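If you're wondering where the values come from, they're calculated on a predicted model, not measured in any experiment. Within every chain, numbering begins at 1; the chains are lettered A, B, ... in the order of the sequence lines, protein sequences first and strands thereafter.
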Amino acid sequence: MGAGAAERTHGSVQRIRTGGGVPLLEARHIVKRFGDNVANDDVSLRVMPGEIHALLGENGAGKSTLVKILYGALQPNAGEVLWKGQPVTIASPAAARALGIGMVFQHFSLFEALTVAENIALALPKGSDMKSLSARIETVSADYGLPLKATSRVADLSVGERQRVEIVRCLLQNPELIIMDEPTSVLTPQEADQLFVTLKRLADEGCAILYISHRLEEVRAICHHATIMRRAKVVAETDPTTETVGTLARLMVGSEIGEVTRSKGTPGAPRLILKALSLPATSAFGVPLHAIDLSVAGGEIVAIAGVAGNGQSELFDAISGEREAPQDGMVTIDGQPVGAHGVNVRRRLGAAFVPEERLGHGAVPGLKLSENVVLTRHGTGEGIASGGFTRFGLAGKIVEAVTHRFDVRKGPPDPEARSLSGGNLQKFVVGREVDRTPGVLVVAQPTWGVDAGAAAVIRQALVDLARAGSAVLVISQDLDEIFEVADRIAVISRGHLSAPKPAEAMSREEIGLLMAGGAEKTAGGAHAH
Amino acid sequence: MRIELVRRPEMSRTMMLVSPLIAVGLTVLFAAIVFALQGHDPLTGIFYFFIEPLMSSWSLEQLVIKATPLIIIGLGLSVCYLSNNWNIGAEGQLTIGAITGSILPILYPEFVSPIVAPLMILMAAAGGAAYGLVPAVLKTRFGTNEILTSLMLVYVSTLFLDWVVRGPWKSPQAFGFPITVDFNESAVLGSFPVGPLYLNASAFIALALVVVLAVVMRSTLKGFEIRVLGQSPRAGAFAGFSARRMTSFAFAFSGALAGVAGLMVVMTEIQKLQPVISPGYGFTAIIVAFLGRLNPIGILIAGLVIALSYLGGEAIQTSMQMSSKVATVLQGMLLFFVLACDTLILYRIRLVSTRSTQEQARA
C-alpha cells in the first residue's frame with residue numbers, strides 16, 4: 001500500500017528533523033474510508049511545538065478529512081493519534097478543544113444576527129460573564145493585531161473581520177495547536193499580510209499552527225515545514241523555504257501543469273454592456289448593486305476580482321437574467337437591451353452562463369448529463385426542445401462532444417451529474433456552454449475547487465473562445481487565475497464595480513486596495529448618487 | 001457480524017424495480033405473522049386477503065372501481081410531489097370537484113344530452129383546480145405552508161358539502177334525508193364489457209391519463225421542468241423555469257384530477273350527492289403516489305394493490321371474522337416496507353465479519 005511514497009516520506013522526515021524532541025501532535029498511519037472511497041490511506045503527520053506546519057494538496061487530496069480526524073469531527077478506520085507523545089482518542093471537537101486544539105474553519109460558523117461577544121460566548125463554557133468576556137475579547141484581539149469591537153453585530157462585519165472573530169474565539173481557549181483551513185482564501189492581500197504577522201507571533205510564543213492551503217507563495221513565506229498530500233496519501237515532506245513554487249506545485253499535482261497560452265487579442269465591438277445597473281438587496285444579508293457600468297468587447301476577457309460576498313452572485317444573477325432588472329437598458333447583449341428579460345431570451349441572443357455553484361445551480365445532481373444539457377440549452381433554439389418535446393438523443397450527442405473535447409472522465413456514458421468528481425463536472429458545465437460557441441460568456445469561479453490540470457484546460461478554453469471573437473466575463477476570487485486569463489480587470493466591493501483597467505497596468509497591491517473599498521470610491525466618482 | 005449500508009455512486013436501476021417486490025414479499029410474510037398472532041391459520045389468512053378477491057369477476061370489477069379514483073388522484077399528486085409542492089388536500093379538491101361537477105344534473109335535471117357527462121367532467125376539473133389554487137396562491141403570495149392550508153381546506157370542503165346536501169340542494173322527495181335528486185341517465189357513466197368483466201368508463205379515463213402522464217413526464221419539456229424544479233429550484237431558475245408558476249400549475253393540475261376523480265365516484269357509485277362521498281380516497285392516494293414511486297405506471301400498479309387491500313380487508317372480515325383494522329395494519333406495513341426498501345436504491349448492504357469489526361474498534 002503505497003510503499004514507495006511511505007519510504008520517501010520517512011526518508012525526508014529524517015533529513016529535515018533530527019533530534020526534534022517530542023512532537024506536539026502526531027498522527028500515525030491514519031486510514032479513513034467513505035464507502036468504497038479511501039480519503040486517507042496510511043497518512044502520517046508530525047507537528048512540533050511552535051511550528052507553522054503547512055498541509056498542502058489539491059482539492060480532494062484528503063487534507064480536510066485528515067484535519068477533521070485531528071479535530072475530532074471524524075473517527076479514523078485505522079491508525080492512531082498521539083498528543084505530546086501519549087496516544088489519545090479525539091471523540092469530538094469538544095474533546096479536541098479540551099486537549100488544546102482549536103480550529104478556524106474555511107466556512108465561518110458564526111450567527112450573523114448576534115454580536116461578536118455573543119458568538120464567542122456560545123463556544124465557551126456556560127456561565128461566563130458577558131462584560132468581562134467583552135473586555136477579554138478586546139484585549140486579546142488588540143494584543144494580536146486583530147482589532148475587534150465586542151459589541152458589533154457579525155452581519156455588519158467584513159469577511160476579514162469575521163475571520164478575526166473565529167481566530168479570537170480560538171485564542172480565548174488558550175490552544176496549543178490551531179488548525180486553519182485555507183484562511184486567506186477570503187482575504188484581500190493586505191488582510192492576508194496582517195494575518196501572517198499574527199501567525200508568526202503565535203508561533204514565536206510556542207503555539208503550533210497547522211496551515212492548510214494550496215497557495216504556494218504564502219506557504220513558502222510563512223511555513224516552517226510542509227506535508228504534501230496527493231490522492232489520499234502523504235507523498236512528500238519538505239522545508240518549503242528551500243523549494244520553489246514550481247517544485248511545490250509538482251509535488252502537489254504529481255506532474256508538470258500545462259501553461260495557458262494567450263496571444264494578444266484585438267477587441268472588437270462591445271457585445272455585453274452593463275449600464276447603471278442597480279438592484280436592491282433581496283435579503284437582510286444580501287448585497288445591493290450600485291450603478292454598475294461595464295462593457296466587454298468581442299475578443300477580450302474581462303475579469304472581476306473581489307473578496308467573496310461583495311455582490312458577485314447578485315451581479316451574476318442580474319447578467320444571466322435569473323433576477324430581472326427594472327429596466328431593459330441596464331443589460332445589453334449584442335445590441336439588444338434585455339435587462340428586464342429572462343435567462344432564455346438572453347441565451348437565444350447567444351449569451352451563455354456558468355454559475356459558481358456546480359451542483360444545484362449549474363447542474364441538477366440527480367439528473368443525467370444529457371438531461372443537464374437540456375437544462376441550459378432547451379431554450380436556445382437549437383431544437384433540443386421542439387414542440388414541447390425534449391430530444392434527449394440530441395442532448396446525448398452534445399454530452400459526447402463535450403466529453404471528448406474537454407476530457408470529462410466518467411464511468412457510464414451518461415451518468416448522473418453527482419457521480420462526477422468536482423473537476424470533471426466543472427469541465428462538463430463549462431464545456432456545455434463553450435460547445436455552443438456563445439457570443440457572450442459569463443462565468444463565475446471557473447476553476448473553484450478544481451485540480452490544476454482541469455483548471456488549465458478550462459482557462460485555455462476561455463482564452464480560445466475570446467480569441468475567436470466572443471466576449472468573456474470572468475468573475476473570480478483567484479488573483480492568479482485572473483492574471484493568467486484577463487485582458488482587463490475590474491474589482492467589485494460591496495456592490496460597487498471599479499472601472500476596468502488593462503491587466504498589465506494592474507498590480508496585486510492596487511487590486512487589494514480596490515477590494516478593501518477603493519472600488520466604491522472610483523465607482524462613486526463616476527456616478528455621484 | 002455486523003450489517004453496514006454502503007452508499008452507491010449512482011441509483012441502482014435494478015433495485016428501483018426489485019425493491020417494491022421485496023417490500024410486497026415482506027408484507028406477505030409479516031401478514032402471516034399477524035394472522036398467526038390473531039390465532040388464525042396464516043395460509044388461510046393470506047389466501048382470503050391477497051388471493052380470494054382476485055378470483056371472481058364481481059370482486060375484480062370492485063377492485064377496478066376502488067382503484068380508479070386512487071390512480072387518478074395519485075397521478076395528480078405525483079406531479080405536486082415531484083415538483084416539491086406538498087398537496088395534502090386532495091380529499092378537499094375531490095369534494096369540491098364533485099360538487100361543481102354535479103351542478104348540471106342537480107340544478108338542471110331535465111337537461112339530458114350526450115354532452116352532459118363531458119361538461120360535468122370539465123366543471124369538476126375546473127372546481128377542483130380552483131380549490132387547489134387556494135393553497136398555491138397563499139404559498140406564492142404570502143409564503144404560507146401549503147401542507148397546513150391544503151389540509152385545513154379539506155375540512156372546509158366536507159362541511160360545505162354537508163351544508164349543500166342538507167340545505168339548498170336537498171331533494172324535495174328525500175323525506176328529510178340529506179341527499180340530492182338522483183342524476184339523470186345522461187349524467188352517469190356506463191360500463192363496457194372487457195372479456196368477462198364489465199368495466200366502468202372511468203377506468204378507461206384513468207388508464208388514458210396514466211399513458212398521457214407517462215409520456216409527458218418522460219419526453220416533454222413540461223415533465224422535465226417538473227422534475228428539475230422539484231430537485232433543485234436554483235437550477236430550475238437557471239434553466240428559466242419559474243418555481244412560483246410551477247406551484248400554481250401543480251396544485252391546479254392535481255386539484256383538477258382530484259375533482260374529476262371525486263365526480264367519477266359520484267357518477268358511477270352513488271349517482272347523487274350525499275354528506276359523505278369518499279372513504280378517504282384523497283388521503284389514501286398519497287400512499288398510492290409514493291408506493292408507485294411517483295411514476296405513472298407505478299401509480300397504476302400501486303392503486304390496484306391498495307384497492308386489493310381494501311377488498312382483502314373486507315374478505316377477512318366476512319370469511320374469518322377478523323377486525324377490519326387488520327387491513328389498515330397491513331396497508332401501513334406495506335408502506336413501511338416500500339419506504340424501507342427504497343434505501344436499497346441508493347445503498348447496498350455489506351456484511352462485515354466480527355473480526356474486522358474488532359480490528360477497527362481496536363484502531
Side-chain angles (χ1 to χ4, degrees), chain A residues 29-31 33-37 75-80 316-317 320-323 341-348 353-355 357-368 371-372 374-380 384-392 395 411-412 415-420, chain B residues 2 4-14 16 82-84 143 212 214-245 249 293-294 342 345-350 352 355-363:
Chain A
H29 310 295
I30 299 283
V31 176
R33 280 183 293 263
F34 296 105
D36 292 339
N37 242 333
Q75 298 306 314
N77 296 112
E80 60 179 347
F316 180 87
D317 287 355
S320 70
E322 284 167 82
R323 193 171 160 215
H341 286 74
V343 59
N344 284 324
V345 171
R346 301 179 195 205
R347 288 199 180 110
R348 264 195 295 283
F353 312 96
V354 181
E357 193 67 40
R358 290 183 280 271
L359 279 178
H361 190 176
V364 181
L367 293 186
K368 295 179 196 168
E371 295 172 306
N372 273 300
V374 176
L375 190 74
T376 62
R377 291 176 65 166
H378 68 85
T380 51
I384 287 176
S386 54
F389 283 87
T390 40
R391 291 166 63 193
F392 290 113
E416 288 168 16
R418 69 167 140 233
S419 72
L420 265 61
Chain B
R2 189 160 56 95
E4 258 186 16
L5 285 177
V6 181
R7 202 182 158 92
R8 301 175 193 269
E10 273 209 335
M11 290 198 289
S12 158
R13 308 275 157 198
T14 328
M16 283 183 85
L82 282 171
S83 65
N84 208 13
V212 168
V215 172
V216 165
M217 290 310 298
R218 185 183 286 265
S219 48
T220 68
L221 193 60
K222 193 73 195 173
F224 182 70
E225 183 182 344
I226 290 165
R227 284 187 290 149
V228 167
L229 282 171
Q231 291 187 36
S232 173
R234 190 86 213 267
F238 188 56
F241 303 142
S242 158
R244 288 170 60 129
R245 254 178 284 151
F249 171 82
R293 55 185 75 258
L294 307 181
D342 268 6
I345 296 172
L346 259 181
Y347 294 85
R348 61 187 173 78
I349 289 176
R350 187 165 68 183
V352 184
R355 221 179 113 240
S356 74
T357 313
Q358 277 171 350
E359 269 167 21
Q360 287 190 0
R362 197 152 39 84

**Q** Between B:V216 and chain A, which part of the residue has a heavy atom less than 4.5 Å away: side chain, backbone, both or neither?
**A**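 Answer is neither: B:V216 stays 4.5 Å or more from chain A.
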**Q** As an exercise: rank A:P365, A:S320, A:G342, A:S419 by heavy-atom pairs under 4.5 Å with chain B and give me the winner.
**A**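 With the most close heavy-atom pairs to chain B, the winner is A:S419.
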**Q** Sort B:R218 into side chain, backbone, both or neither according to what part of it lies under 4.5 angstrom from a heavy atom of chain A.
**A**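 The backbone, not the side chain.
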**Q** Select, from A:G387, A:G360, A:A363, the one with the greatest count of heavy-atom pairs under 4.5 Å involving chain B.
**A**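 Looking at each of A:G387, A:G360, A:A363 in turn, A:G360 comes out on top.
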**Q** Nearest 0.5 Å please: distance from the CG atom of A:N77 over to the CZ atom of A:R33.
**A**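 Result: 4.5 Å between the selected atoms.
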**Q** For A:H378, is it the side chain, the backbone, both, or neither that has a heavy atom closer than 4.5 Å to a heavy atom of chain B?
**A**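 Side chain only.
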**Q** Let's test your reading of the structure: which of A:E357, A:R323, A:E322, A:R391 forms the most heavy-atom pairs below 4.5 Å with chain B?
**A**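 It is A:E322.
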**Q** Can A:R347 be said to sit on top of B:F238's aromatic six-ring, NZ or CZ under 6.0 Å from centre and within 45° of the ring axis?
**A**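 The answer is yes, since A:R347 meets both limits relative to B:F238.
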**Q** Between A:K368 and A:F392, is NZ or CZ placed under 6.0 angstrom from the six-membered ring centre and within 45° of the ring axis?
**A**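 Not flagged: A:K368 not positioned over aromatic ring of A:F392.
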**Q** Can you check whether B:L229's main-chain N or O pairs, donor with acceptor, with B:N84's side chain at less than 3.5 Å?
**A**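 No, the answer is negative, given that no donor and acceptor are paired below the 3.5 Å cut-off.
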**Q** Which bit of B:F241 is near chain A, if near means a heavy-atom gap under 4.5 Å: side chain, backbone, both or neither?
**A**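 Just its side chain gets close to chain A.
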**Q** Check for a donor-acceptor pair, side chain of A:R348 on one end and backbone N or O of A:G379 on the other, with a separation under 3.5 Å.
**A**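 Confirmed, A:R348 side chain pairs with A:G379 backbone.
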